[in-house]
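Worksheet for the structure shown next.
One is the number of the first residue; the rest follow in order along the sequence.
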Amino acid sequence: MVLNDSFQRPIIYLKHWHGLNALLDTGALFPVWTASEKALVALGGELVQQYIEFSGFGGRTSGNLYKLKNVCIGKLVFPELAIVSCNDLKDVPYHIVLSATMFQNLVYEIDDKNHKFNVTIPHNESSVRNLRIEDSNGNLHILCHSV
């Protein structure tokens, strides 16, 4: 995958998935949609739960939980990607935040010199990933494993 070299942060250009820009955030627990919810719905996002609180972006915030079908990021396929829509961020140059948990048990490398994001899928892992966000006593946590 290609890093967008216009930015100092690792922003990946998702050429084969609607041409979106995605920030790779190795400290993020779950993926976050930062563009308009209308755009998310236009991509097939289905509302799962309204108003969930979560930690991130330097504090506590809230958003709506959606499910997106068949998200492809390079060779990885997320059949039903759980994603939180958060419009608190204004004027960011990306549409989605990719969390480190999305790449659990994989080997990933940010090659800043050559503007590439490389993901290696070990032989005992699948390219199809099941990622779920669950609420437990008011705290969100994520489960991710190969299908």
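Between Asn64 and Glu37 the shortest side-chain heavy-atom distance falls below 4.5 Å. Side-chain atoms of Pro31 and Val84, non-hydrogen and from C-beta on, never get closer than 4.5 Å to each other. When side chains are defined from C-beta on, Val119 counts as touching Met1, because their heavy atoms get closer than 4.5 Å.
Taking a 6.0 Å sphere around CD of Gln50, one finds it holds 12 or fewer heavy atoms contributed by other residues, nucleotides or ligands.
Remark: side-chain polar atoms of Thr34 are not paired, donor with acceptor, to backbone N or O of Val97 under 3.5 angstrom.
A continuous path of ILVMFWY side-chain contacts below 4.5 Å connects Ile96 to Ile110, so both sit in one hydrophobic cluster. Both Val41 and Ile83 are assigned to one and the same hydrophobic cluster, defined by single-linkage of ILVMFWY side chains at heavy-atom distances under 4.5 Å. In the hydrophobic clustering of ILVMFWY residues, with side-chain heavy atoms under 4.5 Å counting as a link, Val92 and Phe30 come out together. One hydrophobic cluster, built from ILVMFWY side chains closer than 4.5 Å, cannot hold both Tyr13 and Leu3; they sit in different ones.
Minimum interatomic distance between Trp33 and Ala39 (heavy atoms only, all atoms of both residues): CZ2-CB, 4.1 Å. Looking at every heavy atom in both residues, Tyr66 comes nearest to Gly45 through CD2-C, 3.8 Å. A pairwise comparison of heavy atoms in Leu40 and Leu68 identifies CD1-CD1, 3.7 Å as the closest pair. Closest of all the heavy-atom pairs between Leu23 and Arg9 is CD1-CB, 4.0 Å.
Taking CD1 of Ile52 as the start and SG of Cys86 as the end, the distance is 10.0 Å to the nearest 0.5 Å. Of the inter-residue distances, the one linking Ser99 atom OG with Asp25 atom CG reads 8.5 Å to the nearest 0.5 angstrom. The CD1 atom of Ile11 sits 6.0 Å away from the CG atom of Asn21 when rounded to the nearest 0.5 Å. Ile121 CD1 to Asn105 CG: the interatomic distance, rounded to the nearest 0.5 Å, is 12.0 Å. Leu24 CG to Met102 CE: the interatomic distance, rounded to the nearest 0.5 Å, is 9.5 Å. Here CG of Leu98 is found 5.5 Å from CD1 of Ile12. Values are rounded to the nearest 0.5 Å.
Taking the six-membered ring for Trp and thresholds of 30 and 60 degrees, Tyr108 and Phe103 have ring planes inclined between 30 and 60 degrees apart.
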Which donor-acceptor pairs under 3.5 Å do side chains of residues 69-82 form with protein atoms, sequence neighbours excluded?
| residue | atom | partner | partner atom | Å |
| --- | --- | --- | --- | --- |
| Lys69 | NZ | Glu80 | OE2 | 3.4 |
| Glu80 | OE1 | Lys67 | NZ | 3.4 |

